[in-house]
Amino acid sequence: MVFDSIPSFEEFSATFSSDEECVRHMFKVRFGKNYPCPKCTKAGPWYLNTRRYFGCSRCGTQLNAKSGTVFNHSKSSIVDHFMAIYLSCISTYGVPADVMSTFLGLPKPTAWMISNRVRRHIAGLRQPQRLGGEGQIIEVDETLLRQVRSGPDAERHVTIFGITDGHEYLSFIVPNRKPATLLPIIDKWVRPGSEIHSDGFGTYRLLNLNKYTHKTVNHKAGFTISPDGASTVRIDQFWGRLKRTIYRVCHGVHYAHLESYLKECEQRAFWKKDRLGFLNSAFSQFPVVQT
Ligand SMILES: [Zn+2]
């Protein structure tokens with residue numbers, strides 16, 4: 001636990017007021033002061049000797065507090081990154097880069113790079129889990145996302161497939177809505193025995209009924225919740241969230257970054273009722289990411 005309650009802007013700035021404090025925090029979270037030295041195997045102590053390196057007090061071996069994280073190769077101040085994470089976690093749909101630029105007093109391209117790293121940091125906070133199980137309800141659906149840029153003047157529509165148990169959310173960029181595309185994803189990410197709710201789209205009629213129970217919501221007949229209890233309200237809410245983020249907050253995204261927007265949105269949806277938990281999660285781990 002880093003924070004007991006959601007800090008005000010002033011409280012947050014006082015907690016992480018310098019790069020040194022931020023780097024010390026990262027080292028503490030990732031390694032701890034008694035971290036065994038990889039060279040001499042003695043447990044610390046470690047001292048901060050440059051802006052990011054901690055040295056073993058016995059043999060001088062150096063550890064980079066930022067190595068492997070999204071912040072590793074950034075030349076920008078880590079205080080700005082921490083502030084951007086804070087702003088991102090306390091806002092419902094994230095903070096657009098132009099607002100971040102004004103707020104942090106940075107040029108737009110720098111603010112954009114920081115927003116990008118922060119999004120990748122948030123996207124990596126929790127690893128996706130297989131959902132459902134005996135008798136548990138899973139909702140599945142697909143949606144078409146507009147405003148996805150694929151070149152300087154090119155925009156494309158992208159199909160996204162989603163799965164939720166109302167708590168965890170999984171979303172995938174898919175080439176189409178065919179059974180050969182969607183059913184293997186369901187097999188991989190939904191445990192056998194689950195009760196799957198979907199709309200009446202043809203692909204879902206081919207679900208493996210030896211493995212799952214299937215209920216359909218008939219939107220055409222005006223149902224949101226069918227008489228048998230079938231509903232896709234929760235995955236629909238996730239689509240609402242995703243589209244508000246992409247259309248209204250970001251005014252479109254580039255295809256190359258779409259995956260990280262989806263993963264960020266999954267995390268936001270997971271933490272939607274626990275903003276303090278979200279904030280603590282974002283500051284109590286610095287996941288190693290693929291570059
Ligand atoms: Zn050592």
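Note that ligands are numbered from 1 as they come in the structure, with each ligand's atoms numbered from 1 the same way.
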Any Lys/Arg nitrogen of E139 or R234 sitting under 4.0 Å from an Asp/Glu carboxylate oxygen of the other? yes
Validation: residues 55-65 side-chain donor-acceptor distances under 3.5 Å, sequence neighbours left out:
{"from": "S57", "atom 1": "OG", "to": "P45", "atom 2": "O", "distance (Å)": "2.8"}
{"from": "R58", "atom 1": "NE", "to": "G44", "atom 2": "O", "distance (Å)": "2.9"}
{"from": "R58", "atom 1": "NH2", "to": "G44", "atom 2": "O", "distance (Å)": "3.3"}
{"from": "Q62", "atom 1": "OE1", "to": "N49", "atom 2": "ND2", "distance (Å)": "3.3"}
{"from": "N64", "atom 1": "OD1", "to": "K66", "atom 2": "N", "distance (Å)": "2.8"}
{"from": "N64", "atom 1": "ND2", "to": "N72", "atom 2": "OD1", "distance (Å)": "3.1"}

By the salt bridge (Lys or Arg N to Asp or Glu O under 4.0 Å) test, which pairs, at least two apart or in different chains, include something from residues 190-214? D187-K211, E195-K215
Which residue pairs pass the ring-ring contact (aromatic ring centres under 6.0 Å, His included) test when at least one of the two sits in residues 103-156, sequence neighbours left out? F9-F103, F71-H121, W112-H257, H121-F286
Sum of protein N, O or S atoms, each under 2.8 Å from the Zn ion (ligand 1): 4
Parallel, tilted or perpendicular: which one describes the rings of F27 and F31, with boundaries at 30° and 60°? tilted
Could you tell me how the ring of F12 sits relative to the ring of F283: parallel (under 30°), tilted (30 to 60°) or perpendicular (over 60°)? tilted
